[in-house]
Amino acid sequence: MTERTRKIKARLRDRFFRTKWLVVLIVAAVILFFGRATDIRSLNQSALVIGMGIDLSEEGFDVSTLSVVVSGGGGSETSRSYAVHTATGATISECLDEISQKMGLIVSLSHCNVLVLSPETFSVRHGDIFDPLISVYSLPEQAVVTATEEEPSDVLGAKTATTDASAFLMQSALLQNLGGDGLAPVSVKDFMAHSLSRSGCVNIPLIELKDPARPPETEQGPENGVKELVMERNLVVHGGECFVLEKELAQATTMLVRKKVYGRISVILDTGEAAEFRVLDASPETKASGMSVHASLNCTVSLLEVQGGDGERVSPTSDVVSRAAKKAEEELAERLALCHEISLREGADLLHLQEAVYRVTGYTLPEDCLDDIAFSCSVKVSVKEEG
């Protein structure tokens, strides 16, 4: 190696180490600056909002927040509790500012999982509700939108049979379909997309509070005041109006307009047997030809049980199962046809027929042409073999 080559390598090595230390100093300065400039609050002093309720009032809005309060720390075990705060004001922001004063903390909705809205709230322009919550208060676009005919604050503050807060139970039940009724969660993003689409109609889960058939038992005896959160029906929101869709119709509609919706299908045969299926896959498809739309729904199911048979062992290939699957096809098709009748009566495109036609015809599709669209449907239920 020549002397000249050694000098070049030495210069490159020195330049590398100078650059490396310069980068280290810059990173350290950035961390130090933002560490001092950012207000990081201890969890021991924080109340994280995990659920929010909105209702209309004479003054404007009634807003409720469900927050988890973390206490302890500093070497001791931490504990958490839940608190519901409510405020009334002319705007949602005014209500949240008042709740901030009650909590002694600035409200952030960055951890909010569920919104619970009264039917009356949907009469307000949807953007006026969601835009400030997202842009100012950091509401996640994936937060689940639900509705209730109860007081939203009662739903948020409901005492459940588990240690989880009501917001966690609602989100878990919808995401995992624990109710088995085929209803699907609707995020803020989904809600805005559907409400601004050509159909302009959204089906969201409706929450009910019910007393349990038997209160849960504790060491001290029955635990009173416990409520069950029931989600079996949909609230259909179209424009500034809404109406309730009952359980079986809500299930059929949701399976047609949403993908990856599961649940259970129950049928009772004319001969008296009762069969229960679990939906493994539901593949909806709508095809438009001119001003006609044909909807097809293909369901793959597994057999859960059959009651009231002749006592013989029942398998997916048994005659009673085949008849039950055929009955399920007929009932789902009848429910979709009934949903179409309700759609025309209410002027709400809950089957998203205008959207299907719009994908074919484009901007030439007339406004409010739901009455001019012919509808037909077919359903196929296939029972999956065991194994």
Side-chain angles (χ1 to χ4, degrees), residues 117 119 121-131 134 141-142 144-145 147 182-206 233-246 248-261 282-299 329 332-380:
L117 280 65
T121 305
F122 294 104
S123 63
V124 179
R125 195 179 76 88
H126 303 152
D128 293 343
I129 296 176
F130 294 110
D131 288 348
I134 294 173
E141 292 184 348
Q142 296 306 316
V144 176
V145 180
L183 299 188
V186 177
S187 68
V188 172
K189 183 177 180 179
D190 293 336
F191 181 90
M192 293 302 295
H194 286 302
S195 62
L196 296 175
S197 70
R198 189 55 190 266
S199 295
C201 193
V202 195
N203 309 326
I204 60 176
L206 185 68
R233 304 185 294 167
N234 269 344
L235 186 73
V236 180
V237 180
H238 58 111
E241 301 179 3
C242 53
F243 62 92
V244 175
L245 202 60
E246 296 301 325
E248 290 81 8
L249 301 181
Q251 180 192 35
T253 303
T254 304
M255 293 176 71
L256 183 65
V257 301
R258 299 290 299 274
K259 295 184 181 296
K260 296 183 178 179
V261 175
S283 301
E285 185 179 17
T286 53
K287 289 185 177 181
S289 176
M291 295 297 287
S292 298
V293 175
H294 179 78
S296 59
L297 179 61
N298 295 318
C299 299
E329 293 175 353
L332 282 173
E334 290 173 358
R335 291 167 188 169
L336 289 174
L338 181 55
C339 287
H340 180 241
E341 293 179 11
I342 296 173
S343 178
L344 296 177
R345 185 176 69 239
E346 298 288 343
D349 190 7
L350 57 95
L351 297 180
H352 296 181
L353 301 185
Q354 293 182 85
E355 192 170 336
V357 176
Y358 184 78
R359 289 196 296 265
V360 177
T361 63
Y363 67 90
T364 59
L365 181 68
E367 296 287 342
D368 300 325
C369 60
L370 182 59
D371 291 340
D372 300 323
I373 300 176
F375 174 73
S376 60
C377 64
S378 59
V379 179
K380 177 64 177 177

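Annotation: side chain to side chain contact (heavy atoms under 4.5 Å, CB included) contacts of Cys339 (sequence neighbours excluded): Leu249, Thr253, Leu350, Leu351.
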message = Under the criterion side chain to side chain contact (heavy atoms under 4.5 Å, CB included), I'd like the reasoning laid out for Gln251 against Arg335: C-alpha separation, chi angles, the key distance, then a yes or no.
response = CA-CA 9 Å; Gln251 180 192 35; Arg335 291 167 188 169; 4.1 Å; yes
query = Under the side chain to side chain contact (heavy atoms under 4.5 Å, CB included) criterion, do Met255 and Leu297 qualify, and how do the steps go?
reply = CA-CA 8 Å; Met255 293 176 71; Leu297 179 61; 4.1 Å; yes
query = Could you go step by step and tell me if Val357 and Gln354 meet the side chain to side chain contact (heavy atoms under 4.5 Å, CB included) rule?
reply = CA-CA 5 Å; Val357 176; Gln354 293 182 85; 5.8 Å; no
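Val236 places a side-chain heavy atom less than 4.5 Å from the side chain of Cys201.
In this structure, CG in Leu353 is found 10.5 Å from OG in Ser292, a value given to the nearest 0.5 Å. Here Arg258 contributes atom CZ and His194 contributes atom NE2; the two are 5.0 Å apart, rounded to the nearest 0.5 Å. His340 contributes atom NE2, which lies 11.5 Å from atom CD1 of Ile342 (distance to the nearest 0.5 angstrom). Atom NE2 of His238 and atom CG of Asp349 lie 10.5 Å apart (nearest 0.5 Å). Atoms CE and CG, on Met291 and Leu370 in that order, are 9.0 Å from each other to the nearest 0.5 Å. We find the CG-CD1 distance between Leu117 and Ile204 to be 7.0 Å, quoted to the nearest 0.5 Å.
Residue pairs meeting the side chain to side chain donor-acceptor pair (under 3.5 Å) criterion with at least one partner in residues 365-380, sequence neighbours excluded, are His294-Ser376, His294-Ser378.
A pairwise comparison of heavy atoms in Val186 and Pro205 identifies CG2-CD, 4.3 Å as the closest pair. Nearest approach of Phe243 to Ala348, heavy atoms of both residues: CE2-CB, 3.7 Å.
Judged by distance alone, with hydrogens and angles left aside, the side-chain atoms of Asn203 form no donor-acceptor pair with the main-chain N or O of Asn234 at under 3.5 Å. At least one donor-acceptor pair closer than 3.5 Å links the side chain of Ser187 to the backbone N or O of Asp190.
Taking the charged nitrogens against the carboxylate oxygens, Arg198 and Glu355 have no contact shorter than 4.0 Å, which rules out a salt bridge.
In this pair, Phe122 and Phe191 present their aromatic rings tilted. The plane angle is within the 30 to 60° band.
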